[in-house]
Amino acid sequence: MDRSELIYKTIQLAIENVQSGRGGPFGAMVVKDGAVIAIGTNQVTSTLDPTAHAEVVAIRKACQAVGHFELTGCEIYCSCEPCPMCLGAIYWARPAHVFFAATAGAAADAGFDDSFIKGEICLPYEKQQMSITQLIHAEALAPFQAWKAKADKIVY
């Protein structure tokens, strides 16, 4: 399939997801060497999981399919521009390229506005609307010290 067909398929996944009642209007696919290795649809409401966005679902399935936590050499196709959470997951997965169809503005027009989150993330914690506070503890660095000392760690 060419890129036009692949992006069309993600759009169709999103439409089918809405029509089935399983979740919101979002679909995603992960492609490696021209083959679709994973698909995902928004499952937030059906699984009661706010992280079950189409991209995250597809990334989880794709990592299982390739047997690795990175999607090196893969492409991710999204029916809509990734939200901040999905974009973070995509960066951690390290695909070669991301393609999307609809814009965040189109999603906002449909009631899925993430511009507030994008703005909040850029602010210092004390200026964000959500209460976020660091609790100082003598053992706060112990997990990182254990990680640094671990001889057989898998670096990511």
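When reading the values below, keep in mind they use all heavy atoms of this one structure, side chains included, and skip hydrogens, waters and symmetry mates.
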Got a second to check how far [X]'s [atom1] is from [Y]'s [atom2], nearest 0.5 Å?
X	Y	atom1	atom2	value
H97	Y77	NE2	OH	8.0 Å
M130	I117	CE	CD1	8.5 Å
I7	F99	CD1	CZ	8.5 Å
Q12	N17	CD	CG	12.5 Å
I76	I59	CD1	CD1	4.0 Å

What's the shortest heavy-atom distance between [X] and [Y], and which atoms?
X	Y	value
A62	A38	N-CB, 3.4 Å
I11	A101	CD1-CB, 3.9 Å
P82	V98	CG-CG1, 4.4 Å
A14	S79	CB-OG, 3.8 Å
A89	V56	CB-CG2, 4.1 Å
V18	G24	CG2-C, 4.0 Å

With the side chain counted from C-beta on, respond yes when [X] and [Y] share a heavy-atom pair under 4.5 Å apart, and no when they do not.
X	Y	answer
F116	Q129	yes
L6	V36	yes
I90	P95	yes
T41	E16	no
P25	N42	no

Check your understanding: Any chain of hydrophobic side-chain contacts (each under 4.5 Å) joining I39 to V57?
Key ->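 No, separate clusters.
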
Side chain of [X], backbone of [Y]: donor and acceptor closer than 3.5 Å?
X	Y	result
E120	Q128	no
E75	V31	no
K61	I37	no
H53	E55	no
R94	W92	yes

Review point. Do other residues, nucleotides or ligands put more than 12 heavy atoms under 6.0 Å from the NZ atom of K32?
Key: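 Check passes, neighbour count above 12.
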
Practice item. Using a cut-off of 6.0 Å, state whether more than 12 heavy atoms not belonging to K153 lie near its atom NZ. Key: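 Yes.
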
Check your understanding: Can you name the ring-ring contact (aromatic ring centres under 6.0 Å, His included) partners of Y156, sequence neighbours left out?
Key ->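 Y156 satisfies ring-ring contact (aromatic ring centres under 6.0 Å, His included) with F69 once adjacent residues are dropped.
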
Review point. Cut-off 3.5 Å, side chains only: do S115 and D113 have a donor facing an acceptor?
Key: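 The answer is yes; a qualifying pair exists.
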
Exercise for review: Using side-chain hydrogen bond (donor to acceptor under 3.5 Å, both in side chains) as the criterion, list what pairs up with D114, not counting sequence neighbours.
Suggested key: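 Testing D114 for side-chain hydrogen bond (donor to acceptor under 3.5 Å, both in side chains), a comparison that skips the adjacent residues, returns none.
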
